[in-house]
Amino acid sequence: MAAVVADPAGDHSLSALAASAALSPRHLARLFRSELDTTPARWVERVRLDRAQQLLLDGHSVTSAALHSGLGSDESLRRAFARHLGTTPSEYRRRFTTTRGTPEPAARDPRSEGDHPSISSDTFTNR
């Protein structure tokens, strides 16, 4: 699952994730539910949203952040921001970036602080 964090824009469909973990899609979905209390799709979306947040703070446009994070389009990015953060991508950038373009202390890299559950190779061992 480190591959998802390393390349959120890659193909991370349920079947691709299951194949990389050498599990059936159904078993992978059950493990996500039991271990992380979420679905694979929701977990991937959260990883992509985390990347989009960082890209916006790094100065990328909304379109570029959507493309490079794997969310695909401005509209998909806007919907993910509304669903998870209750704001728009542009407002998020305004709120967490100073006028000099450096992030304020409140703007951090969520991936480094565990906003999304971490997954180790032990998580998906056959039981």
Side-chain angles (χ1 to χ4, degrees):
M1 299 298 108
V4 177
V5 176
D7 180 21
D11 174 18
H12 302 302
S13 63
L14 179 59
S15 59
L17 291 172
S20 70
L23 299 169
S24 73
R26 183 178 166 133
H27 188 64
L28 180 66
R30 279 192 301 247
L31 287 172
F32 261 87
R33 177 61 60 200
S34 68
E35 298 295 324
L36 303 172
D37 196 31
T38 191
T39 66
R42 287 185 184 139
W43 185 81
V44 169
E45 181 181 61
R46 187 63 217 197
V47 171
R48 288 176 171 168
L49 181 63
D50 291 346
R51 177 65 56 89
Q53 287 175 270
Q54 190 58 53
L55 290 169
L56 289 169
L57 294 177
D58 289 345
H60 286 256
S61 68
V62 171
T63 301
S64 175
L67 179 66
H68 294 356
S69 67
L71 288 165
S73 69
D74 294 8
E75 182 62 19
S76 295
L77 180 62
R78 186 193 64 74
R79 287 181 182 169
F81 263 75
R83 186 171 35 257
H84 293 279
L85 304 173
T87 190
T88 66
S90 298
E91 181 57 33
Y92 175 86
R93 181 176 33 217
R94 269 192 298 277
R95 188 178 307 159
F96 293 109
T97 304
T98 66
T99 56
R100 292 186 346 207
T102 56
E104 296 175 358
R108 81 258 182 281
D109 182 350
R111 290 166 291 172
S112 66
E113 295 184 20
D115 278 1
H116 51 80
S118 68
I119 297 179
S120 69
S121 59
D122 297 343
T123 302
F124 297 111
T125 56
N126 289 330
R127 296 176 186 192

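For this chain, numbers begin at 1 and follow the sequence in order.
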Counting C-beta onward and ignoring hydrogens, is there a side-chain heavy-atom pair between [X] and [Y] closer than 4.5 Å?
X	Y	result
Thr39	Phe32	no
Gln53	Leu85	yes
Leu56	Phe81	yes

Nearest 0.5 Å, what's the [atom1]-[atom2] distance between [X] and [Y]?
X	Y	atom1	atom2	result
Arg93	Leu55	CZ	CG	10.5 Å
Arg33	Leu28	CZ	CG	12.0 Å
Arg51	His60	CZ	NE2	10.0 Å

For the student: nearest non-hydrogen atoms of [X] and [Y], plus distance:
X	Y	answer
Ala66	Ser73	CB-O, 3.3 Å
Ala52	Ala65	O-CB, 4.1 Å
Pro40	Leu14	CG-CD1, 3.7 Å
Val62	Leu77	O-CD2, 3.5 Å
Val47	Val5	CG1-CA, 3.9 Å

Looking at Glu45 and Arg48, is there a salt bridge between them, counting it only when a charged N and a carboxylate O are closer than 4.0 Å?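 Here Arg48 does not pair with Glu45 in a salt bridge, since their nearest N and O are not under 4.0 Å apart.
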
Could you check whether Asp50 pairs with Arg46 (Lys NZ or Arg NE/NH1/NH2 to Asp/Glu carboxylate O, under 4.0 Å)? yes

With sequence neighbours excluded, residues passing side-chain contact (heavy atoms from CB on, under 4.5 Å) with Asp7: Ala9

Donor-acceptor side-chain pairing of Ser61 and Ser64 below 3.5 angstrom: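 Looking only at side-chain atoms, Ser64 and Ser61 do not form any donor-acceptor pair under 3.5 Å.
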
Are there over 12 heavy-atom neighbours, none belonging to Arg30, within less than 6.0 Å of that residue's CZ? yes

Criterion side-chain hydrogen bond (donor to acceptor under 3.5 Å, both in side chains) on Thr88 and Ser90, from CA distance to verdict: CA-CA 5 Å; Thr88 66; Ser90 298; 5.1 Å; no

Has Arg42 got a side-chain atom pairing as donor or acceptor with Asp37's backbone, closer than 3.5 angstrom?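 Checked: no pair found.
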
